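All figures in this text were calculated on a predicted structure; none of them were measured in a lab.
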Amino acid sequence: MPAIKLVKGVLKGNRRDLARLITLIENEHSSAATALSMLYKHTGNAHIVGVTGPPGSGKSTLVTRITAEYRKRSKTIGIVCVDPSSPFTGGALLGDRIRMQEHSLDKDVYVRSMSTRGHLGGLARATSDAVRAIDASGKDIVIVETVGAGQSEVQVVEVAHTVIVADVPGAGDDIQAIKAGIMEIADIFVVNKADYPGADRKVIEINAMLDLDSRERSWRPPVLLTNALTGEGIPELVDTIGAHMSYLQETGLLKQKGLQRSRDELEQIMEYKLTNELFTRLRGTPEYEQAIKKIAGRNDDPYSVAERLIADFLISVRE
Ligand SMILES: Nc1nc2c(ncn2[C@@H]2O[C@H](COP(=O)(O)OP(=O)(O)OP(=O)(O)O)[C@@H](O)[C@H]2O)c(=O)[nH]1
Ligand SMILES: [Mg+2]
């Protein structure tokens with residue numbers, strides 16, 4: 001059980017042990033789950049911040065700047081860069097590493113890239129477990145960067161308390177995309193590349209979209225302007241991230257979200273375990289294959305067969 005040996009070191013904030021544990025999580029090593037269950041009660045202390053947005057909008061540069069600002073404020077940081085489309089963004093990942101090297105000698109900053117390669121259980125699961133391991137290692141802030149290009153980022157930001165959506169001026173076409181999914185998940189909008197023409201107009205456009213949203217809410221996502229190259233707007237952004245956490249605490253939303261997340265996670269795990277157990281028993285047995293043939297031949301129907309098989313399964317579990 002190699003992962004269990006790492007638990008002590010992770011709790012002490014040992015980076016090498018943390019890196020090894022995340023590798024075991026990535027590889028879905030069976031001992032990783034045991035290690036995570038041992039670490040669980042030491043988690044829940046980090047402020048988890050998601051950063052998403054279109055490719056090339058400057059997310060990694062922003063994350064590097066945000067990290068520097070937090071370090072000025074004596075906070076410790078974990079960074080997870082999620083790469084959902086590995087064949088295409090291998091280069092970008094390398095770029096992230098190089099950019100973030102600025103912090104690589106700082107023992108209070110831990111940077112990790114994750115890619116989809118070989119994640120049977122899903123990238124979202126592995127990312128969420130990696131974030132948890134970093135949380136347990138004692139980092140104050142954990143930042144998760146993910147490209148906003150589809151469904152994956154929506155799942156990934158489920159782990160975040162605060163979601164930043166980074167956009168850039170002029171990218172007119174992605175307004176539709178942003179409307180479709182990302183709009184709802186943003187707690188803070190950032191218009192990055194403030195040095196580009198049209199930055200102010202972009203801020204106005206996003207604000208106009210927010211005004212159209214008729215949902216009643218006590219937190220209206222602020223729209224901030226940044227230049228991640230110069231660092232302009234970064235202290236304000238970090239202040240706003242803190243303000244959002246205070247808002248979550250003061251309104252009781254943090255507690256409420258925690259309960260919801262615990263419920264979702266428990267049910268996900270049970271669902272996974274139950275179906276896994278069920279199918280391990282069924283698949284490959286002659287009875288099961290026979291039942292499938294009967295359904296295909298219209299000698300039986302999937303509805304009644306499913307009911308029968310589940311009833312049999314429940315009886316066998318009780319025995
Ligand atoms: N002019 C200007 N360029 C910027 C700014 N922020 C980032 N960039 C540049 O934009 C390019 C992309 O930045 P990244 O930080 O890699 O963007 P990203 O969103 O992480 O990219 P992916 O992870 O590949 O989606 C780089 O060349 C950055 O130097 C900015 O505020 N102004
Ligand atoms: Mg990036």
Side-chain angles (χ1 to χ4, degrees), residues 46-63 65-67 69-70 82 141-194 196 198-228 231-258 260-261:
H47 181 177
I48 300 162
V49 179
V51 178
T52 190
S57 52
K59 298 177 294 297
S60 300
T61 319
L62 271 171
V63 170
R65 285 283 177 186
I66 293 170
T67 300
E69 181 63 27
Y70 272 124
V82 184
I141 314 282
V142 182
I143 306 174
V144 184
E145 178 192 333
T146 162
V147 178
Q151 202 49 45
S152 58
E153 87 278 359
V154 179
Q155 283 171 5
V156 165
V157 297
E158 270 173 14
V159 309
H161 299 111
T162 303
V163 175
I164 300 172
V165 172
D167 206 353
V168 280
D173 288 350
D174 58 48
I175 282 206
Q176 276 316 112
I178 282 185
K179 255 190 200 162
I182 298 187
M183 199 72 192
E184 285 95 66
I185 61 170
D187 299 305
I188 301 169
F189 280 99
V190 166
V191 175
N192 187 40
K193 309 201 183 181
Y196 278 25
D200 291 324
R201 200 176 60 232
K202 191 79 184 188
V203 172
I204 293 170
E205 277 171 13
I206 295 175
N207 272 314
M209 270 198 291
L210 286 169
D211 290 339
L212 284 177
D213 189 342
S214 56
R215 277 177 306 161
E216 213 168 290
R217 55 188 163 178
S218 44
W219 175 270
R220 185 198 192 270
V223 187
L224 304 179
L225 201 53
T226 59
N227 180 335
E232 184 193 324
I234 300 297
E236 292 78 3
L237 175 55
V238 170
D239 288 344
T240 307
I241 297 170
H244 184 250
M245 179 42 88
S246 304
Y247 158 80
L248 291 178
Q249 284 165 337
E250 283 155 19
T251 53
L253 271 172
L254 188 67
K255 246 191 199 143
Q256 205 176 309
K257 276 187 176 190
Q260 187 60 45
R261 195 173 165 220

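Checked against Val63 for a side-chain contact (heavy atoms from CB on, under 4.5 Å), the options Val49, Val144, Val51 give a single hit: Val51.
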Would you please test Val159 and Val142 for side-chain contact (heavy atoms from CB on, under 4.5 Å) and show each step? CA-CA 10 Å; Val159 309; Val142 182; over 6 Å; no

Is there a side-chain contact (heavy atoms from CB on, under 4.5 Å) between Met209 and Glu205? Walk through the geometry before answering. CA-CA 6 Å; Met209 270 198 291; Glu205 277 171 13; 5.7 Å; no

Assess the residue pair Ile164 and Glu145 against the criterion (side-chain contact (heavy atoms from CB on, under 4.5 Å)); give the C-alpha distance rounded to whole Å, side-chain angles, the decisive distance to 0.1 Å, and a yes or no. CA-CA 10 Å; Ile164 300 172; Glu145 178 192 333; over 6 Å; no

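Across every non-hydrogen atom of Ser57 and Val168, the tightest pair is O-CG1, 3.5 Å. Shortest non-hydrogen contact noted between Ala166 and Leu62 is CB-CD1, 3.9 Å. Summarising the geometry of Val203 relative to Leu225, their closest heavy-atom pair is CG2-CD1, 3.7 Å, with the distance given to 0.1 Å. Across every non-hydrogen atom of Ala160 and Gly50, the tightest pair is CB-N, 3.5 Å. Across every non-hydrogen atom of Thr52 and Thr146, the tightest pair is OG1-O, 3.0 Å. Here the shortest heavy-atom pairing between Ala194 and Glu232 reads CB-OE2, 4.3 Å.
The 12-atom threshold is exceeded at NZ of Lys257, counting heavy atoms of other residues, nucleotides or ligands nearer than 6.0 Å. At most 12 non-hydrogen atoms from other residues, nucleotides or ligands lie less than 6.0 angstrom from CZ of Arg201.
Asp211 CG to Ile204 CD1: the interatomic distance, rounded to the nearest 0.5 Å, is 11.5 Å. Considering CD1 of Ile241 and CD of Glu69, their distance stands at 9.5 Å, rounded to 0.5 Å. Residue Phe189 holds its CZ atom at 6.0 Å from CD1 of Ile206, rounded to the nearest 0.5 Å. With rounding to the nearest 0.5 Å, the separation of CD1 in Ile143 from OG1 in Thr67 is 4.0 Å. Atoms CG and CG, on Asn207 and Leu212 in that order, are 11.0 Å from each other to the nearest 0.5 Å. How far CE of Met245 is from OG1 of Thr162: 5.5 Å, rounded to the nearest 0.5 Å.
For Arg261, there are no salt bridge (charged side-chain N to carboxylate O under 4.0 Å, His left out) partners at least two apart in sequence or on another chain. The salt bridge (charged side-chain N to carboxylate O under 4.0 Å, His left out) search around Asp239 returns Arg73, not counting sequence neighbours.
Judged by distance alone, the side chains of Asn227 and Arg65 never bring a donor and an acceptor atom under 3.5 Å apart. Under 3.5 Å, the side chains of Thr226 and Asn192 contain a donor-acceptor pair of N or O atoms.
The backbone N or O of Pro54 lies less than 3.5 Å from a partner atom in the side chain of Lys59, making a donor-acceptor pair. Judged by distance alone, the side chain of His161 and the main-chain N or O of Ile48 form a donor-acceptor pair under 3.5 Å.
Aromatic ring orientation, Trp219 versus His244: perpendicular (interplanar angle above 60°, classes split at 30° and 60°).
Between Arg217 and Asp187 there is no salt bridge, since no side-chain N of the basic residue sits under 4.0 Å from a carboxylate O of the acidic one.
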